[in-house]
Amino acid sequence: MSKVVAIDGPAGSGKGTITPIIASRCHLVTIDTGATYRCVALAALNNNLSIDDKDKIIELSGKINIEFDDQGRVYLDGEDVSKRIREKDVTSIVSPISSIVEVRANMVDLQRKMAEGKDVIMEGRDITTVVFPNADYKFYLDASLEERARRRFEQNKEKGIDMSFEEVLDSIQKRDYNDMHKEVGSLMRTEDAIYIDTTNMSIDEVVEQMINIIEGD
Ligand code: DC
């Protein structure tokens with residue numbers, strides 16, 4: 001039986017940093033589900049679609065090819081878009097795009113297929129609730145809004161993405177609201193997910209706590 005570690009949490013809670021570290025230490029394949037929604041958003045931009053072109057976005061989400069390699073790079077129709085999908089224009093439309101129920105159905109299918117027959121660590125917003133509610137290990141990572149914005153601001157600087165701290169804070173706040181108020185697949189903390197507030201924790205501390213749980217039995 002393959003193993004599934006599911007992690008949910010809001011933007012900047014540490015999922016994206018911690019997941020690949022645990023993956024490499026516990027020999028799991030990483031699946032960044034946010035990247036799949038970001039690919040749909042980028043494909044929409046590439047096709048000059050706006051968020052109002054719902055039917056066309058749904059059609060596109062069923063047609064595009066999304067792949068990850070074992071280095072965590074993301075490919076949209078064969079092109080490496082790992083950096084492009086983190087840019088401001090994609091980030092600003094990804095949450096409303098991920099609210100489209102039919103887009104979610106297509107992405108959830110894809111995410112489950114990506115996990116088939118593998119030991120995986122999957123992170124996103126609805127992994128513990130919708131994609132793998134029966135995962136072997138379920139975590140919900142959280143942190144204060146200011147700390148999450150600070151982390152994302154620093155990450156953006158490293159990646160050469162030009163956004164002020166206020167822009168990042170505003171963008172995260174809007175996405176939090178959107179991500180928690182979806183018709184389907186809203187970000188939710190369930191009782192059976194282990195809750196970790198990472199606000200005052202180092203990356204190492206979070207990793208150790210999670211690995212103790214994953215490897216503790
Ligand atoms: O984790 P991220 O910031 O790359 O995710 C981008 C967006 O995709 C996020 O605002 C919400 C959405 N998302 C989702 O709806 N469900 C997931 N499982 C993962 C991400």
Side-chain angles (χ1 to χ4, degrees), residues 4-20 30-45 51 57-58 61 64 66 68 72-74 76 81-115 120-133 135 138-143 145 147-156 159 161 163 167-190 193 198:
V4 178
V5 178
I7 310 177
D8 285 326
S13 56
K15 308 180 306 286
T17 305
I18 279 149
T19 301
T30 304
I31 302 175
D32 168 5
T33 61
T36 65
Y37 293 98
R38 286 175 180 274
C39 281
V40 179
L42 176 58
L45 289 175
I51 198 75
I57 294 173
I58 294 168
S61 73
I64 53 176
I66 302 169
F68 295 107
R73 279 186 292 263
V74 189
L76 170 60
V81 293
S82 315
K83 176 151 188 268
R84 179 69 187 93
I85 57 167
R86 309 277 156 204
E87 285 175 13
K88 196 158 52 174
D89 53 349
V90 174
T91 302
S92 70
I93 61 162
V94 64
S95 190
I97 283 191
S98 71
S99 302
I100 304 172
V101 175
E102 295 86 344
V103 169
R104 297 201 72 79
N106 284 335
M107 291 306 107
V108 169
D109 272 357
L110 172 74
Q111 292 154 13
R112 288 186 181 138
K113 277 199 193 97
M114 283 175 166
V120 299
I121 182 163
M122 189 179 273
E123 56 115 334
R125 304 291 189 288
D126 62 341
I127 313 308
T128 62
T129 54
V130 175
V131 185
F132 285 115
K138 296 175 34 163
F139 295 94
Y140 187 101
L141 298 191
D142 207 354
L145 172 66
E147 174 61 14
R148 292 188 287 118
R150 191 194 63 74
R151 290 174 187 169
R152 191 48 52 89
F153 176 68
E154 294 301 329
Q155 284 163 358
N156 283 353
K159 288 180 184 153
I161 296 168
M163 277 172 89
E167 274 182 298
V168 173
L169 189 94
D170 183 56
S171 153
I172 289 194
Q173 214 164 7
K174 286 199 179 112
R175 284 209 289 143
D176 279 357
Y177 183 84
N178 235 308
D179 291 344
M180 290 173 182
H181 294 85
K182 285 178 180 152
E183 213 178 316
V184 174
S186 266
L187 173 63
M188 251 186 289
R189 181 184 156 188
T190 58
T198 69

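Just so you know, residue 1 is the first one in the sequence shown, and it goes up from there. As the structure lists them, so they are numbered: ligands from 1, and atoms in each ligand from 1. Values reported hereafter were calculated over all heavy atoms of this structure, with side chains retained and with hydrogens, waters and symmetry mates removed.
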Among Asn106, Asp32, Thr36, Asp126, which one satisfies side chain to side chain donor-acceptor pair (under 3.5 Å) with Gln111?
Thr36

Are the side chains of Leu141 and Glu123 in touch, meaning some heavy atoms are under 4.5 Å apart?
no

Salt bridge (charged side-chain N to carboxylate O under 4.0 Å, His left out) with Lys88: which residues, sequence neighbours excluded?
Glu167

Under a 4.5 Å cut-off applied to non-hydrogen side-chain atoms, are Arg112 and Val108 in contact?
yes

Keeping to residues at least two apart or across chains, list the ring-ring contact (aromatic ring centres under 6.0 Å, His included) pairs with something in residues 169-188.
Tyr177-His181

Test: side-chain hydrogen bond (donor to acceptor under 3.5 Å, both in side chains). Region: residues 7-17. Which pairs qualify, not counting sequence neighbours?
Asp8-Thr128

Distance filter under 4.0 Å, heavy atoms only, around ligand 1 gives Thr33, Gly34, Tyr37, Arg38, Arg86, Val94, Ser95, Ser98, Arg104, Gly124, Arg125, Asp126, Ile127, Arg175, Asp179, Lys182

